[in-house]
Amino acid sequence: MGFYFAQFLTGLASAASLFLVASGLSIIFGVTRIVNFAHGSFYMLGAYLAYTLVDAWQAGPFGFWGAVIIAAVAVGFIGAAIEFLLLRRIYHAPEMFQLVATFGVVLVIQDLTLMIWGAEDLVGPRAPGLDGAVEIFGELVPEYDLALIVLGPAVLGGLWLLFNRTRWGTLVRAATQDREMVGALGVNQSWLFTGVFFLGSLLAGLGGALQVPREAVSLLMDLNIIAEAFVVVVIGGMGSIPGAFLAAVLLGEMNAFGILIFPQITLVMMFLVMAVVLVVRPWGLLGKAEAAARPPSGAAEPPLRVAGGMMRWLAMGGLAVLLLLPFLTDEFTLVLLIDIMVFALFAASLHFIMGAGGMVSFGHAAYFGLGAYGAALLIKFLSMPMELTLILAPVIAGIGALAFGWFCVRLSGVYLAMLSMAFAQIAWSVVFQWYEVTGGDDGLLGIWPSEWASDKTVFYYLTIAVCGGGIWALRRILFAPFGYTLRAGRDSALRVDAIGIDLRRHQWFSFALAGMFAGIAGTIYVFSKGSVFPDEMSIPRSVDGLIMVLLGGVQTVAGPVVGAASLTLLEDFISRLDYWRMMLGAVVIAIVVAAPQGIAGAFLQLIPARWTGREETA
Amino acid sequence: MLDVADLHSHYGRAHILADVTLHVGRGEVVALLGRNGAGKSTTFKTIMGLVKPTSGSVMFNGETISGAGSHTICQKGLGYVPEDRRIFTDLTVMENLEVGRQPEREGAPAWTVEKLFSVFPNLAEMRNRPGGRMSGGEQQMLTIARTLMGHPSAILLDEPSEGLAPVIVEQMAQTIGALKSEGLTVLLSEQNLHFATLLADRAYIIEKGRIRYEGTMADLAADEEVRAAYLTV
Ligand SMILES: Nc1ncnc2c1ncn2[C@@H]1O[C@H](COP(=O)(O)OP(=O)(O)OP(=O)(O)O)[C@@H](O)[C@H]1O
Ligand SMILES: [Mg+2]
């Protein structure tokens with residue numbers, strides 16, 4: 001009895017930080033409509049800053065709590081500065097560009113943290129005055145945990161007062177619903193946004209700072225917490241602070257008790273809880289339908305262009321060059337070209353659901369990884385020939401996408417983005433932890449193609465056939481009735497439903513189809529490398545896909561190919577340098593600020609429409 | 001007081017407003033009449049800075065306001081009442097009014113919550129009701145009251161009679177008449193000629209984004225041809 005109660009208290013204590021982070025994310029999203037990927041980085045920064053300050057001041061005038069508070073406030077200012085310098089320039093960019101730009105911030109902060117604090121995990125001291133333990137029902141409970149248990153509801157109450165009893169809070173709540181109207185009533189939105197960012201980042205920083213006595217400070221903190229925070233927000237309801245609290249407690253308890261059975265079960269339980277909540281209450285336990293927020297006045301998106309004369313010639317020319325290249329270059333170039341084609345197909349499959357379906361998956365790498373691991377496992381455990389795995393592994397990925405997609409298509413916009421990311425993170429965790437089967441961090445090695453395809457040049461032609469064929473097939477589907485229905489549904493779900501088409505089913509199939517094509521890319525990838533590691537399905541890989549699509553521009557079918565080529569070449573070049581993540585992040589941010597249409601999109605704007613093809617009049 | 005000259009606006013590539021020129025004098029009530037989709041709301045949004053004009057200028061109190069942000073325009077004393085009310089449904093009546101509150105302004109009628117409640121007595125009885133649980137007429141009152149909390153010297157009223165029952169429309173006309181006698185300048189958009197006739201001194205008629213007619217209300221009342229051509233009767 002005492003043991004379970006102590007475990008319950010542990011769960012509550014671990015919910016505190018999670019609640020702080022998730023509520024900050026929710027508040028920022030509510031007003032600015034930006035899902036701030038860098039929010040996990042703020043949490044991490046809070047932890048590192050607090051570690052340093054506590055180390056320096058522990059015995060000094062400010063003490064432990066002074067250090068925690070100053071670290072949190074400092075992170076608040078960092079967040080406000082990022083809003084002021086960067087996000088302010090992209091409020092009018094499409095949602096997904098904003099997400100990608102904030103991921104650029106993640107990369108920059110990663111490397112800055114690495115530069116300042118080094119790669120070693122840092123273990124902070126216990127909180128002075130709270131370093132003992134109290135006996136409750138015969139079990140020892142750390143005093144610090146009890147402090148956190150009190151702190152969580154205290155912050156919840158404080159936020160309630162702030163939002164319901166102050167003018168600033170009233171303005172924030174109004175802006176959450178219709179920020180344009182708040183502006184037209186004379187409120188300077190810019191300062192409201194900066195203020196909200198300050199508060200949200202401060203909460204994240206506080207969450208991180210408070211973890212210092214509980215866990216080692218490490219460079220993995222940012223993506224771990226952001227995935228959890230997304231789950232909390234999806235379960236609790238976006239924009240609902242009490243919802244975030246409830247969901248954080250739920251998750252904290254699930255972890256505390258799940259760990260007693262066996263650690264992996266917490267992941268499965270998280271999945272099940274999320275599934276149940278989403279089916280029963282699609283907007284989260286205490287959330288409201290997303291449609292409540294009013295989009296600002298402005299123009300609609302331009303339509304997708306059908307490739308016309310010149311583009312078709314360009315594609316044919318490109319293919320001809322690809323076919324001739326093995327006679328002109330060396331093996332290294334071929335390897336790079338294989339990478340480019342693999343990622344072109346990966347990006348095209350993501351583009352398929354993004355551009356046509358309006359569904360932005362932040363976890364598309366899950367299906368790339370499922371294809372890669374599927375193939376590797378089929379070979380390792382069933383000794384299947386390559387030819388058969390080329391068919392079966394994508395089917396595995398497709399089935400995975402069918403399962404996850406069932407949930408995802410029930411949501412839209414940022415909810416879908418967050419949920420798909422959470423699923424991918426779960427898939428990643430399973431692969432990462434299931435050492436006996438997947439080899440965990442060590443990956444699976446020795447997955448080579450069949451004899452006839454083992455020559456690089458032959459494999460190169462195989463890649464052209466499979467990836468080129470995949471892209472061509474996706475394009476065909478996009479301009480077939482199925483694709484038209486999808487796009488009509490993206491533009492007006494209500495109208496498509498009204499004419500008797502089951503839109504959700506269309507979206508579900510397209511999600512699975514996209515997963516399958518991503519799986520094809522993953523399968524080719526694993527044979528080209530001979531090995532597969534959990535990184536292939538991690539968040540950065542998913543974001544790579546998004547960056548490729550956005551680089552190329554969502555409005556063009558050629559976009560993903562251009563984007564994949566650009567990003568692969570760029571990464572190939574800068575990954576040899578130190579701190580390349582920071583540079584990649586900076587490049588991504590610069591592109592979003594400078595060319596919100598993407599490279600291909602910006603290029604298309606420069607040339608007249610009659611050259612590139614007719615505009616659809618659908 | 002409000003001078004709009006050669007205003008052009010686009011939504012994406014669609015050219016919505018062409019050469020819109022308007023003048024509203026201090027203390028005047030001017031109606032902007034036109035059918036559905038004529039460009040009335042777009043004109044207001046462009047004046048208010050919610051839609052950026054592609055060319056042309058807007059002057060308010062002798063100052064150029066085109067190109068400024070909507071909050072700056074509001075702070076100069078131009079209030080905006082949107083056509084679909086845009087009440088903050090999660091906020092109570094009092095909180096909705098709080099969002100509209102701005103410092104008092106010289107040369108413009110000053111308002112307090114209590115004074116507004118005397119003009120809109122219905123609202124006084126539902127101070128703590130969330131905006132989402134009010135009738136259309138009540139919301140229309142609230143959206144006007146909310147804008148008045150900013151002590152504007154002139155307001156843009158976008159179709160205040162839209163979707164209201166005839167009795168409420170009469171009531172609304174009286175209320176706006178009361179605002180006029182406080183010295184408020186009003187530019188009002190309407191499809192309902194009757195409603196405009198009750199209030200306006202002058203009228204402009206807009207069609208397909210162009211101003212087609214300009215005259216006093218009396219002239220318009222006499223000109224059957226114009227009414228038949230541009231307005232739904
Ligand atoms: N956000 C938008 N994007 C593209 N076109 C728009 C948008 N809003 C309005 N339009 C178009 O601009 C034109 C003018 O619309 P506006 O709303 O200004 O008309 P209105 O006179 O206010 O009509 P109503 O009486 O129906 O309110 C219409 O043809 C409309 O279809
Ligand atoms: Mg209108």
Side-chain angles (χ1 to χ4, degrees), chain A residues 30-31 88 91-92 94 160 162-194 237 239-242 286-289 291-303 491 555 597 605 608-609 615 617, chain B residues 9-14 16 41-42 44-52 68-92 94-103 105 128 130-132 143 145-152 155-156 158:
Chain A
V31 177
R88 214 169 251 211
Y91 282 129
H92 294 288
W160 188 88
L162 179 65
F163 285 115
N164 290 283
R165 291 287 178 268
T166 67
R167 171 170 168 88
W168 188 80
T170 308
L171 294 180
V172 168
R173 279 191 300 137
T176 300
Q177 193 180 349
D178 187 347
R179 60 190 193 196
E180 192 182 65
M181 193 62 225
V182 172
L185 288 168
V187 177
N188 187 344
Q189 292 180 66
S190 312
W191 289 112
L192 203 59
F193 283 24
T194 311
S240 165
I241 296 172
L286 301 179
K288 289 206 186 101
R294 183 187 174 100
S297 314
E301 279 183 41
D491 296 335
Q555 258 64 51
Q597 305 274 315
Q605 290 227 315
E615 275 202 359
T617 47
Chain B
S9 275
H10 289 75
Y11 284 122
R13 287 193 198 159
I16 306 294
S41 300
T42 308
F44 282 13
K45 284 182 183 164
T46 311
I47 294 174
M48 210 53 212
L50 297 172
V51 170
K52 295 274 168 264
S70 58
H71 69 275
T72 317
I73 294 174
C74 174
Q75 284 168 5
K76 290 190 189 300
L78 184 59
Y80 170 60
V81 180
E83 68 182 323
D84 33 11
R85 298 168 196 142
R86 295 171 78 166
I87 288 301
F88 304 112
T89 48
D90 293 341
L91 273 57
T92 64
M94 291 299 280
E95 286 173 331
N96 267 283
L97 294 178
E98 173 64 26
V99 176
R101 187 166 63 83
Q102 290 286 318
R105 188 184 330 275
N128 293 315
T143 183
R146 185 179 64 180
T147 299
L148 292 176
M149 281 298 283
H151 318 290
I155 60 171
L156 308 175
D158 201 352

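Here is the naming used below: chain letters follow the sequence lines, and residue numbers restart at 1 for every chain. Since the structure is predicted, the reported quantities are computational estimates derived from the model, not experimental observations.
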Practice task
Please round to the nearest 0.5 Å and tell me the distance separating atom OG1 of B/T143 and atom CE of A/M181.
Solution key: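 CE of A/M181 is found 5.5 Å from OG1 of B/T143.
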
Exercise for the section: Drop me the distance from A/D178's CG to B/R85's CZ, to the nearest 0.5 angstrom. Expected result: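 Result: 14.5 Å between the selected atoms.
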
Heavy-atom closest pair, residues [X] and [Y]:
X: B/Q102; Y: A/L185; answer: NE2-O, 3.2 Å
X: A/A174; Y: B/L91; answer: CB-CD2, 3.8 Å
X: B/R101; Y: A/R167; answer: O-NH2, 3.1 Å

Can you tell me which portion of [X] sits under 4.5 Å from chain A's heavy atoms? Options are side chain, backbone, both or neither.
X: B/E98; value: both
X: B/I87; value: backbone
X: B/T89; value: both

Practice task
Name all residues meeting the ring-ring contact (aromatic ring centres under 6.0 Å, His included) criterion together with B/Y80; count only those two or more places apart in sequence or in a different chain, and write none if there are none.
Solution key: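 Residues passing ring-ring contact (aromatic ring centres under 6.0 Å, His included) with B/Y80: none at all.
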
Practice task
Mark yes or no for whether A/R173, through its side chain, and B/E95, through its backbone, hold a donor-acceptor pair below 3.5 Å.
Solution key: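 Flag not set: sc A/R173 to bb B/E95 has no pair under 3.5 Å.
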
Problem - Pairwise side-chain contact, A/V182 with B/F88, heavy-atom cut-off 4.5 Å (strictly under) - result: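 Sidechains of B/F88 and A/V182: in contact.
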
Exercise for the section: List for me each residue that meets side-chain contact (heavy atoms from CB on, under 4.5 Å) alongside B/S41, sequence neighbours excluded, and say none if there are none. Expected result: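 Listed in chain order: B/E83, B/D158.
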
Handout entry: Side-chain donor-acceptor pair present, A/E180, B/S70, cut-off under 3.5 Å
Key =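 There is no such pair between these side chains.
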
